[in-house]
Colleague: 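This is the structure I have questions about; it appears just below.
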Amino acid sequence: MALRFVAKDPNTNGDDCPTVWVDEKTDDLVFQGWKADKETEAECLTVGHIPDTEAVIRIPARMVPIIREACDLAERTELR
C-alpha cells in the first residue's frame, strides 16, 4: 500500500492529530481522527450496526478544505 499524505489538522500541534491520506493504488481516502464518544456511537447505531472492522471517528469541520483536496486528488487519479 502506498499512502499519499494530504495534510494534518492545521490547528493542532502537528503530532497525534486528525490526518488525511489518499491510497495511491485504490484512490480510497484514509482518515485518522478522534474516536467518537459513546453518545455519538449510540446515535450512529440507530441506523445500523458498526462492525468490528469499522470505527466511527470525528474529523473537525475546519478540515473540510483538506478533505476536498483529498477528494479531488482521488478523483483525478481515478480517471487515469
Colleague: Going through the checks in order, is the side-chain contact (heavy atoms from CB on, under 4.5 Å) test met by Leu3 and Val22?
Modeller: CA-CA 6 Å; Leu3 295 180; Val22 174; over 6 Å; no
Colleague: How long is the gap from CG on Asp9 to CD1 on Ile59, to the nearest 0.5 Å?
Modeller: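 Going from CG on Asp9 over to CD1 on Ile59, the span is 8.5 Å.
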Colleague: Rounded to the nearest 0.5 Å, what separates atom CD in Glu75 from atom CZ in Arg68?
Modeller: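 The CZ atom of Arg68 is 13.5 Å from CD of Glu75, to the nearest 0.5 Å.
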Colleague: Would a hydrophobic clustering, with Ile, Leu, Val, Met, Phe, Trp and Tyr connected at side-chain separations under 4.5 Å, put Trp34 with Met63?
Modeller: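 No, Trp34 and Met63 fall in different hydrophobic clusters.
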Colleague: With a cut-off of 6.0 Å (strictly less than), are more than 12 heavy atoms of other residues, nucleotides or ligands near CZ of Arg62?
Modeller: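 Counting neighbours around CZ of Arg62, more than 12 heavy atoms of other residues, nucleotides or ligands fall under 6.0 Å, so yes.
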Colleague: Kindly check if the number of other-residue, nucleotide or ligand heavy atoms within 6.0 Å of CD (Glu43) is above 12?
Modeller: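 For Glu43, atom CD is not crowded (no more than 12 foreign heavy atoms under 6.0 Å).
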Colleague: SG of Cys71 to CZ of Arg76: how many Å apart, nearest 0.5 Å?
Modeller: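 So the SG of Cys71 and the CZ of Arg76 are separated by 11.0 Å.
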Colleague: Which heavy atom of Ala70 sits nearest to which heavy atom of Val20, and what is that distance?
Modeller: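 Heavy atoms only, the tightest pair is CB-CG1, 3.5 Å.
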Colleague: Might you point out which heavy atoms bring Leu73 and Arg4 nearest each other, and give the distance in Å?
Modeller: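 Smallest heavy-atom distance, with atoms named: CD1-NH1, 3.0 Å.
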Colleague: Please assess Val6 against Trp21 for the test side-chain contact (heavy atoms from CB on, under 4.5 Å), listing each intermediate value before the final yes or no.
Modeller: CA-CA 5 Å; Val6 178; Trp21 298 267; 5.5 Å; no
Colleague: Please give me the minimum heavy-atom distance between Glu41 and Val56, naming the atom from each residue.
Modeller: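 Taking Glu41 first and Val56 second, the nearest heavy atoms are CG-CB, 4.3 Å.
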Colleague: Quick one: pull up CD1 in Ile57 and CD in Gln32 and give me the separation to the nearest 0.5 Å.
Modeller: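 Output value for this atom pair is 8.5 Å.
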Colleague: More than 12 foreign heavy atoms under 6.0 Å from CD of Glu54: is that the case here?
Modeller: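 Buried by this count: over 12 neighbours within 6.0 Å.
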Colleague: Might you point out which heavy atoms bring Ala74 and Asp27 nearest each other, and give the distance in Å?
Modeller: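 Minimum heavy-atom contact is CB-O, 3.3 Å.
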